[in-house]
Amino acid sequence: MRTLALLLLLGMFGGCASTGPCGGAQRPVAMVTGYWPPTNEMLRAFAAGTDWEGANWRGLGYDVYAFFPEFPPDGDPTNDAIGEAGSVGDSDTDFPVDYQETSADFWRIADACTPRVLITTSRGGAIGWELEAVEGGHGGSGSPETDWSSDRNGEPLPSQGTVDPRSWAAISTYRSGNRLPSALPLAEIQAAVEPAAEVSVAIDPNTSGNYLSGFMGLHGLYYQRITDGVVAAGHIHVGRDVSVAEAERLFAVTLETVLQKHPTP
């Protein structure tokens, strides 16, 4: 009876079952995702395993779990041809840079972990720490899949039938100027991160774009929109030249700001 009550409590407040991608969370879950370095490396401490540091992180009442791809053999995606696992991520890991696999992985993990907080991240260009204000709204002429750039991984664009129905609903609904606003406390994050940053910190009034960054960012916001109990979601672009050490530091400040804004029940 006590076990059943615990499972019901975890389901109510954003925990997950004892098996699966969250590995037995005992508290509400903050789910964070990355793509290319430095984002995958900055989140490594939150990856489930023997060195996982996400349990009741900083005493804020959340178990933090991270999911991201690996780039064999050396972790550097810049020295492999586009389409190879070393460039776009190993398909045996989470979130290779591919629409179909991102869709499948996102919903598998989110359905299992039922996060209360969901922060997605990806690598950007010559920028610093960029908080994205909105997602979606691209294109609008033709079918929704044509709103997106090819992932150049030998796969089709994110079309109906090749992605999860919820992914298709998201990209079909939020296009042609119809966008979802970030559900992160952007101004508070910016104010907290700037004193700790050696790079620029900005709130971008535009979207994460029409490639995998924007695709993932839209997924996080759409999940928050259709799921009860999700109190925060949004996307962060991390510049390609931001060091892993700084990215780790700035993400910790960001995450702490978000979790303090939304204390657990």
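Just so you know, these numbers come straight off a predicted model, no measurement behind them. Side-chain atoms are counted along with the backbone in the values below, which use heavy atoms only and exclude waters and symmetry mates.
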Are a donor atom and an acceptor atom from the side chains of [X] and [Y] found within less than 3.5 Å of each other?
X: Glu188; Y: Thr257; answer: no
X: Glu135; Y: Ser208; answer: yes
X: Tyr222; Y: Arg166; answer: no

Could you tell me the separation between the [atom1] atom of [X] and the [atom2] atom of [Y], rounded to the nearest 0.5 Å?
X: Arg175; Y: Asp147; atom1: CZ; atom2: CG; result: 4.0 Å
X: Asp164; Y: Asp111; atom1: CG; atom2: CG; result: 7.5 Å
X: Leu180; Y: Thr207; atom1: CG; atom2: OG1; result: 11.5 Å
X: Leu131; Y: Asp204; atom1: CG; atom2: CG; result: 9.0 Å
X: Leu221; Y: Leu118; atom1: CG; atom2: CG; result: 9.0 Å
X: Arg108; Y: Ser103; atom1: CZ; atom2: OG; result: 11.5 Å

Are any of the side-chain heavy atoms of [X] and [Y] separated by less than 4.5 Å?
X: Cys113; Y: Tyr65; value: no
X: Arg58; Y: Gln260; value: no
X: Val88; Y: Asp151; value: no
X: Ile171; Y: Leu218; value: yes
X: Asp105; Y: Pro96; value: yes
X: Thr264; Y: Arg27; value: no
X: Thr121; Y: Val32; value: no
X: Leu255; Y: Phe46; value: yes

For [X] and [Y], which heavy atoms make the closest approach, and how far apart are they?
X: Gly239; Y: Arg123; result: C-CG, 4.5 Å
X: Asn206; Y: Glu132; result: O-OE1, 3.5 Å
X: Ala48; Y: Pro21; result: CB-O, 4.3 Å
X: Pro158; Y: Glu145; result: O-CB, 3.4 Å
X: Ala133; Y: Pro205; result: CB-CA, 4.0 Å
X: Ala66; Y: Leu43; result: CB-O, 3.4 Å

In the single-linkage hydrophobic clustering (I, L, V, M, F, W, Y; side-chain heavy atoms under 4.5 Å), do [X] and [Y] co-cluster?
X: Phe95; Y: Val29; result: yes
X: Trp107; Y: Leu212; result: yes
X: Leu186; Y: Val199; result: yes
X: Phe67; Y: Val117; result: no
X: Val230; Y: Ile189; result: no

- Item | Any pair counted as ring pair (Phe, Tyr, Trp, His ring centres under 6.0 Å), so long as it reaches residues 118-147, sequence neighbours left out |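 Qualifying pairs, neighbours excluded: His138-Trp148.
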- What ring pair (Phe, Tyr, Trp, His ring centres under 6.0 Å) pairs are there with at least one residue in residues 236-265, not counting sequence neighbours?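 Listed once each, the pairs are His235-His237.
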Distance-only, no hydrogens or angles: does the [X] side chain make a donor-acceptor pair with backbone N or O of [Y] under 3.5 Å?
X: Asn56; Y: Gly61; answer: yes
X: Ser87; Y: Glu84; answer: no
X: Asn40; Y: Phe68; answer: no
X: Tyr35; Y: Ser122; answer: no
X: Trp52; Y: Val64; answer: yes
X: Gln190; Y: Val201; answer: yes
X: Glu246; Y: Glu198; answer: yes
X: Asp80; Y: Ala85; answer: no

- Count the heavy atoms belonging to other residues, nucleotides or ligands that lie under 6.0 Å from CG of Asp74, then report whether that count exceeds 12.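 Check passes, neighbour count above 12.
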- Quick one: do Ile236 and Leu250 satisfy side chain to side chain contact (heavy atoms under 4.5 Å, CB included)? Show the steps, please. CA-CA 11 Å; Ile236 299 170; Leu250 300 188; over 6 Å; no
- Parallel, tilted or perpendicular: which fits the ring planes of Tyr223 and Phe106, with parallel below 30° and perpendicular above 60°?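 Perpendicular.
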- Check the angle between the aromatic planes of Tyr99 and Phe215 and answer parallel, tilted or perpendicular using the 30° and 60° thresholds.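 Taking Phe215 first and then Tyr99, their aromatic rings stand perpendicular (interplane angle over 60°).
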- Message: Met42 vs Val238, test: side chain to side chain contact (heavy atoms under 4.5 Å, CB included). Steps then yes/no.
- Response: CA-CA 10 Å; Met42 80 179 183; Val238 183; 4.1 Å; yes
